[in-house]
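Down below is the structure, laid out as structure tokens.
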Protein chains: 2
Amino acid sequence: MFLSTTTNGIDAKGRLSVPADFRAVVRGDPLDGIYVWPSFDGAYLEGGGQALMDRYLGAIEDMDPYDDARIAMERSIFGAAKPLSFDANGRITLPKVFAEHAGLEGRATFVGLGARFEIWNPDVYAKHEAAARAYARENKRALKLPPRRAGESAR
Amino acid sequence: MFLSTTTNGIDAKGRLSVPADFRAVVRGDPLDGIYVWPSFDGAYLEGGGQALMDRYLGAIEDMDPYDDARIAMERSIFGAAKPLSFDANGRITLPKVFAEHAGLEGRATFVGLGARFEIWNPDVYAKHEAAARAYARENKRALKLPPRRAGESAR
DNA sequence: TTGTTTCCCATGAAATCCCATGTTATCCCA
DNA sequence: TGGGATAACATGGGATTTCATGGGAAACAA
């Protein structure tokens, strides 16, 4: 699982250290790196490992070949995603278009969201995070811990 | 189940012994440690084991991808949670931001709440506990047990 | 060439591991 | 049931490794 929020520096060559915890999640994948694409929903990047791409692929293959949603999903995810491999020290090199899409300059914030993660401009993310926490506080009764499902143990 | 309340010391390196009872609850998890995040609702930390995270993950994946509640939950729980592994003696190292969020200095109080637990500043918790007990006393008629579910025994 | 990308090595800071110790709780046996 | 032996637990400090980051050399492209 991708968890927690980490901000790392982007150097003059466009290199960016991927948090060690995130690298551990994709260890063993055929790609020694991560898949990243610009979000169609805002000025940030989305990404994940092989497991995430396999799930998206499975979801798409279950849709009708000429379903508009299928075409949109294929284009905006598979059409936009790049495999970014780690260098010997666990860094990726951000393509310029990705950095521009997310407004990344000098620093980037990785946000772990379980099955996937996002990469944000740190200042922009701080605002979004504050909004999310405020929403959660105001709606905490709706966000209560869900009931256990079949097969899950309470311990 | 996480049960009971224990206060342990935090040393100069930020290390904190997790109560042995709590460690026993997560024994066998893929992570030899616990998941902890700053509560979005107050100056304390929340945490649990793999079973708890799996429940949150399952609940989130049942929601619509761009639902506000989903985004709020993803960011305030997964985006904030860190896997903290035990050292050889059953201690975790508290990240500085966590200690600051909960006002932890020198000592920390673990409070078991069944499926999850909380970590508090001992003095702050003492006040909260007193308030909670008073509330329970005044509202004791509302504290009835729900009906047993199928398969559950009364014993 | 000139600019770009990839690989390799250096470094300081931070996190992790390893061993030691006192104290408390548990066990066992007389 | 008392009391000594044993194991479990919380805590402390030093040594080691990992991590993020910087820069240079080599391979590549235009």
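Every chain is numbered from 1 and lettered A, B, ... according to where its sequence line falls, protein lines coming before strand lines.
The phosphate of D/dC9 has neither OP1 nor OP2 within less than 4.0 Å of any side-chain N or O from B/N89. For D/dA20, the OP1/OP2 oxygens have a side-chain nitrogen or oxygen of A/R23 closer than 4.0 Å.
Rounded to whole angstrom, the span from the NZ atom of B/K96 across to the P atom of C/dA13 amounts to 13 Å. One can place CG of A/N8 at 17 Å from P of C/dA13, the figure rounded to the nearest angstrom. Across the protein-nucleic acid pair, A/D32 atom CG and C/dC7 atom P stand 11 Å apart, rounded to whole Å.
Here the side chain of A/R15 is nearest to one of C/dT6, C/dC7, C/dC18, namely C/dC7. The side chain of B/K13 has D/dA15 as its nearest neighbour among D/dA15, D/dG23, D/dT11. Side chain of A/S17, nearest nucleotide from D/dA10, D/dG13, D/dT21: D/dT21. The nucleotide whose nearest atom lies closest to any side-chain atom of A/P19 is, among D/dA20, C/dC18, C/dC9, D/dA20.
Within 4.0 Å of B/D87, counting heavy atoms only, lies no atom of the nucleic acid at all. At a threshold of 4.0 angstrom between heavy atoms, the contacts of B/A20 are confined to the sugar-phosphate backbone, with no base atom among them.
Residues A/Y56 and A/M73 form a side-chain contact, since some pair of their non-hydrogen atoms from C-beta on lies under 4.5 Å apart.
Atom CZ in B/R75 sits 9.0 Å away from atom OG1 in A/T5 (nearest 0.5 Å).
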